[in-house]
Amino acid sequence: MPIITISRGSMSGGQALAQCLASSLRVPCVGREILVQAAAKLGVPEQVLAEKVEKSPGFWQRLTLERRIYVVAVQAALAEHAVTGDLVYHGFAGHMLLRGVPAALRVRLIAPMPMRIRSIIEREGVSPEDAERVIQERDQNRRRWTEALYGVNLEDPRLYDLVINLETMTVASACATVAAAAAQPEFVVTDEVRARLRDFLLACRVKVALVTQPASRGLDLDVSVTKGVVTIRGEVPKVAMPTHTSQRVEQELTQIAKGVEGVETVVLETQAYDPYH
């Protein structure tokens, strides 16, 4: 079974396509539920988390640490669903949250503005002018968010395996096209892929632990897992790492990582830097 992520602009038919694919392929379909689960993990209201992850770059520049915590929590919640290799995801930045995950089919869905305007009028009962303004604002926020967080253009076709335009194609035809692509050898979820998905999930769980524990939440750390071995890389301010303190920091990082279920071996590759230069 495949892992499919659907990226789209506001009111572009993404949810309808996702539901069609899930029904056709008989796999789970998730969207906003990921935010609900991430919010529960962090102990914050869902609406608060939704607003945080959709704020403009200026907001994120003021709250870099908070941004990291929320995004890591959302990524971990998505990884919990993706680990089985059976998933259609139509929510927040799936193609970026699962970046590097093997056998994931990344779809970009676009639709003509008149179609999108009609959809939002039907759903929200606003005027055509207001509907277009809302769509443009939401699209702009998504572009800015992706640029600020990942340094990429959300609309760049190179980020996707398949780009579909609903101007002449129906959702049903788009569904059949994506399903056919998902059946190709490149997107088959093998035992090897499932092992890498388990590693990805474990890395996400360790990231959540690191960004939420006081001893490590302010550190810029990256986590990777290969065949169950957890590697933590990053920089630690030199003021926090003079000799004996260095060992204490390493011990704390290792202890935090080993506190995550399934972690046995931890490798540290940290470097000291001078925050004043």
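All residue numbers in this chain count up from 1 along the given sequence. Just so it is clear, the model here is predicted, and its values are computed rather than measured.
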What closest approach, in Å, do [X] and [Y] show between heavy atoms, and which atom pair accounts for it?
X: Glu252; Y: Ala215; result: OE1-CB, 3.6 Å
X: Pro2; Y: Ala182; result: CB-CB, 3.7 Å
X: Val260; Y: Ala209; result: CG2-CB, 3.7 Å
X: Leu166; Y: Ala174; result: CD2-CB, 4.0 Å
X: Gly262; Y: Leu202; result: O-CD2, 4.0 Å
X: Ala179; Y: Leu21; result: N-CD2, 3.8 Å

Could you check if a side-chain atom of [X] sits within less than 4.5 angstrom of a side-chain atom of [Y], using non-hydrogen atoms only?
X: Met115; Y: Ile117; result: no
X: Val206; Y: Leu210; result: yes
X: Tyr89; Y: Leu78; result: yes
X: His81; Y: Gln37; result: yes
X: Arg198; Y: Val225; result: no
X: Val152; Y: Glu147; result: no
X: Arg194; Y: Val189; result: yes
X: Val101; Y: Leu197; result: yes

May I ask you to decide whether Asp139 forms a salt bridge with Arg116, counting only side-chain N to carboxylate O separations under 4.0 Å?
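So Asp139 pairs with Arg116 through a salt bridge.
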Identify whether the distance between the nearest side-chain nitrogen and carboxylate oxygen of Glu261 and Arg205 falls below 4.0 Å.
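So Glu261 does not pair with Arg205 through a salt bridge.
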Keeping [X] on the side-chain end and [Y] on the backbone end, is there a donor-acceptor pair under 3.5 Å?
X: Thr212; Y: Val208; value: yes
X: Thr170; Y: Ser173; value: yes
X: Asp199; Y: Lys227; value: yes
X: Ser12; Y: Arg8; value: no
X: Thr5; Y: Gly94; value: no
X: Thr146; Y: Arg142; value: yes
X: Asp222; Y: Gly234; value: no
X: Asp86; Y: Val27; value: no
X: Ser24; Y: Cys20; value: no
X: Glu33; Y: Gly31; value: yes

Is there a chain of hydrophobic side chains (I, L, V, M, F, W, Y, each step under 4.5 Å between heavy atoms) that links [X] to [Y]?
X: Phe187; Y: Leu17; value: yes
X: Met169; Y: Met113; value: no
X: Val107; Y: Met11; value: no

Rounded to the nearest 0.5 Å, what's the gap from [atom1] on [X] to [atom2] on [Y]? Could you check?
X: Glu122; Y: Ile120; atom1: CD; atom2: CD1; answer: 11.0 Å
X: Gln255; Y: Lys258; atom1: CD; atom2: NZ; answer: 10.0 Å
X: Ile256; Y: Ile232; atom1: CD1; atom2: CD1; answer: 8.0 Å
X: Gln75; Y: Met96; atom1: CD; atom2: CE; answer: 10.5 Å
X: Lys207; Y: Ser216; atom1: NZ; atom2: OG; answer: 14.0 Å
X: Leu221; Y: Thr231; atom1: CG; atom2: OG1; answer: 12.5 Å

Those residues that, when tested against Thr190, pass side-chain contact (heavy atoms from CB on, under 4.5 Å) (two or more places apart):
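Here the qualifying residues are Val188, Glu192, Val193.
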Glu167: which residues meet the side-chain contact (heavy atoms from CB on, under 4.5 Å) condition with it, sequence neighbours left out?
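In terms of side-chain contact (heavy atoms from CB on, under 4.5 Å), with neighbours along the sequence ignored, Glu167 is linked to Pro112, Asn165.
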Using the test ring-ring contact (aromatic ring centres under 6.0 Å, His included), find all partners of His90 that sit at least two apart in sequence or belong to another chain.
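For His90, no residue satisfies ring-ring contact (aromatic ring centres under 6.0 Å, His included) once neighbours in sequence are set aside.
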Would you please name every residue forming a ring-ring contact (aromatic ring centres under 6.0 Å, His included) with Phe200, sequence neighbours left out?
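If we apply the ring-ring contact (aromatic ring centres under 6.0 Å, His included) test to Phe200, skipping adjacent residues, there are no hits.
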Checking Val88 against Val30 for the side chain to side chain contact (heavy atoms under 4.5 Å, CB included) test, could you report, in this order, the C-alpha distance in whole Å, the side-chain angles of both residues, the deciding distance, and whether it holds?
CA-CA 6 Å; Val88 178; Val30 295; over 6 Å; no
Test side chain to side chain contact (heavy atoms under 4.5 Å, CB included) on Val267 and Val230; report intermediate values, then the result.
CA-CA 6 Å; Val267 177; Val230 177; over 6 Å; no
Among pairs that include at least one residue of residues 87-111, which meet salt bridge (charged side-chain N to carboxylate O under 4.0 Å, His left out), considering only residues two or more places apart or in two chains?
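Listed by first then second residue: Arg106-Asp161.
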Start with the C-alpha distance between Ile164 and Ile110, add both sets of side-chain angles, then the distance that settles side chain to side chain contact (heavy atoms under 4.5 Å, CB included), and finish with yes or no.
CA-CA 6 Å; Ile164 293 181; Ile110 58 178; over 6 Å; no
Could you go through the salt bridge (charged side-chain N to carboxylate O under 4.0 Å, His left out) check for Glu155 and Arg143 one step at a time?
CA-CA 8 Å; Glu155 298 173 354; Arg143 287 192 297 268; 3.1 Å; yes
Taking only residues two or more places apart in sequence or in another chain, which ones pass salt bridge (Lys or Arg N to Asp or Glu O under 4.0 Å) with Asp130?
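Partners of Asp130 by the salt bridge (Lys or Arg N to Asp or Glu O under 4.0 Å) criterion, ordered by chain and then number, come out as Arg133.
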Going through the checks in order, is the side-chain hydrogen bond (donor to acceptor under 3.5 Å, both in side chains) test met by Tyr160 and His95?
CA-CA 8 Å; Tyr160 309 97; His95 64 298; 3.3 Å; yes
Passes side chain to side chain contact (heavy atoms under 4.5 Å, CB included), Leu154 versus Ser7? Steps please.
CA-CA 9 Å; Leu154 179 66; Ser7 169; 3.9 Å; yes
